[in-house]
Amino acid sequence: MLILKNYIDGQWIDSISGKRTQKFNPANREEALCEAQASVAQDVERAMSAASQAFPAWARTPVPQRAALLQQLLEKMKANETEFVRTVTLENGKILRESRAEFQSAIKEADYQIGQGRRLGGAHVPSEQPGLLAYMTRQPLGVVSLITPWNFPLNVACRKMFPALIAGNTCVLKPSDVTPMTSALLFKLLNEAGFPRGVANFVTGRGSVIGDTLVNHPSVRAISFTGSTEVGLSIAGKVAGRSTKIQLEMGGKNPLVVLADANLERAVDAAMIGAFSCSGQWCTSTSRVIVEAPVYETVVEMLTQKAKAIAVGNGLDEAARMGPVAGPDQYESILKYIEIGKREGARLCAGGHALREGHFARGYFIAPTIFADVTSAMRIAREEIFGPVLCVMKANDFEDSVCIANETIFGLASSVFTQDLAKAQRFIEESQVGLCHVNMPTAFKEPQLEFGGIKESGRGLPEAGTTGAEFFTSHKAVYLRPLS
Ligand code: NAP
């Protein structure tokens, strides 16, 4: 059995609790994958202390030297692609091609953020006074807590850790309790890359047990969290009144609008990618398809046929097109929402049940599910289901579709399918989200642009792009008179 240890101050160590928890393959709940440390507050305090001690020297280390170490880590990651991909599939359940996509995305994000180190300057501007230098500079914050979810165990960890470290901070990373293996592999390579002790620390355990210490510890200058809106907002409440910076990437209820003039084949393909990739467990998944009335029944029919044709299976099977959901909590929660949808009177067009027969018997498999005739009043239209369940809603016209799209507390991603540039432009202006697409799936992103939601989907500066590293710095305006 693989035993994962905490990585603190450059050492692999057991939790002070002396306890570990077993992790299981979501495609086969009888297959134990590893045991991870069931850490307690004292473990996090130890990691915070190591990160605090490492901070002054790391902050003084010139950016090219920090970049060289991060580049070493990146090269080691590339050399271990196969192991990363297999690990993500084993512990998360997503199919191999999705794990490969996550790996490639993580590499691109990390590569971009390493380059950002050299660009973390400020403007040098003309002063009002003769001989005075006036410029902006950025400084690292100190120790930062990085808290990641299970749905992108590699990508989200990289999207936080590379910018935090290149900007000169030291960190403590806590992965989701569901998926500790991928980040443990990342830290194994980080150790081999030769980082100074204490610069990056890794602690596993339940958020409900160690979360408060990660958030409230006096050393913590910033928290970058990705996860549910519920936990994210509780973190915001805990640090209110303190100077701790927060970057919260939270839930979504992402709409894809199909107007009557759209290329329906492309729109439906994009909706299918957005709704069922990673079993609908992307924060940017398409969870509502809003269709203009004249093409509504056609689109419902096309989606239904495609959903019924998805080959569900073990993610390790290259023929599978959708894997299991990530674990028992997810499974119960998604099936509960499917029952709610049925009770609310939505029209069940595909799926609507767990898959329990034959090779599905030991895993958390759910049939790709389509509900049509969903209205904004229904809970399945309002609450994040985070599973392979797509709600289809009818809109009277363009204005109505934008109105329905915005009728949510969330504001992460959206898309519109149309051939009318004027309507596309109005959608871009009026859609209340942090990521907007035209004739593209809702989940599309590139590393050079910021990634984050508005409304109850995000707080603080977004990740990735230029703000990815900027978040982990403080600004300072400098006025320098060379002669006293
Ligand atoms: P979650 O339950 O909120 O957990 C996220 C992380 O927070 C986990 O590491 C979790 O640890 C930890 N945590 C739990 N309670 C905590 C507490 N009291 N204090 C500090 N940390 C705590 O979310 P999830 O189920 O892992 O992920 C799914 C959610 O993430 C969805 O809502 C999805 O939309 C969102 N997400 C958003 C983005 C984005 O960029 N906007 C990206 C990916 C996912 P445990 O695992 O031990 O509970």
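Quick caveat, the model's predicted, so the values are computed rather than measured. One is the number of the first residue; the rest follow in order along the sequence. First listed ligand is number 1; within each ligand, the first listed atom is number 1.
- Applying the side-chain contact (heavy atoms from CB on, under 4.5 Å) test between P175 and each of T204, T182, L146 identifies T204 as the sole match.
- Counting only non-hydrogen atoms, the option in E230, R206, Q281 that gets closest to atom 48 (O) of ligand 1 is R206.
- Taking 4.0 Å as the cut-off, G232 does not count as a neighbour of ligand 1 on heavy-atom distance.
- When only non-hydrogen protein atoms are considered, atom 19 (N) of ligand 1 lies nearest to G211 CA, 3.4 Å.
- The single protein non-hydrogen atom nearest to atom 41 (N) of ligand 1 is M250 O, 2.8 Å, given as residue, atom name and distance.
- The backbone N or O of F472 lies less than 3.5 Å from a partner atom in the side chain of N169, making a donor-acceptor pair.
- For T148, the heavy-atom gap to ligand 1 drops under 4.0 angstrom.
- Considering only non-hydrogen protein atoms, atom 47 (O) of ligand 1 sits nearest to G207 N, 2.7 Å.
- Among protein heavy atoms, the minimum distance from atom 40 (O) of ligand 1 is reached at F451 CE2, 3.1 Å.
- To the nearest 0.5 angstrom, D43 atom CG is 11.5 Å from M48 atom CE.
- Looking only at protein heavy atoms, the nearest one to atom 23 (O) of ligand 1 is S228 N, 3.3 Å.
- Distance from atom 5 (C) of ligand 1 to its nearest protein heavy atom, with residue and atom name: T226 O, 3.6 Å.
- Within the 4.0 Å heavy-atom cutoff, P175 counts among the residues contacting ligand 1.
- For the pair G227 and ligand 1, the shortest N or O to N or O distance falls below 3.5 Å.
- In the vicinity of C283, heavy-atom distances shorter than 4.0 Å reach the ligand 1 atoms 34 (O), 36 (N), 37 (C), 38 (C), 39 (C), 40 (O), 41 (N), 42 (C), 43 (C), 44 (C).
- Here the CH2-OG distance, from W282 to S277, works out to 4.0 Å after rounding to the nearest 0.5 Å.
- Residue W282 places no heavy atom under 4.0 Å from ligand 1.
- Between H437 and F444, the ring-plane angle classifies as perpendicular under the 30° and 60° cut-offs.
- By the 6.0 Å contact criterion, NZ on K445 is enclosed, its count of non-hydrogen atoms from other residues, nucleotides or ligands being greater than 12.
- Nearest non-hydrogen protein atom to atom 26 (O) of ligand 1 is W150 CD1, 3.1 Å.
- Counting only heavy atoms of the protein, atom 34 (O) of ligand 1 lies nearest to E384 OE2, 2.6 Å.
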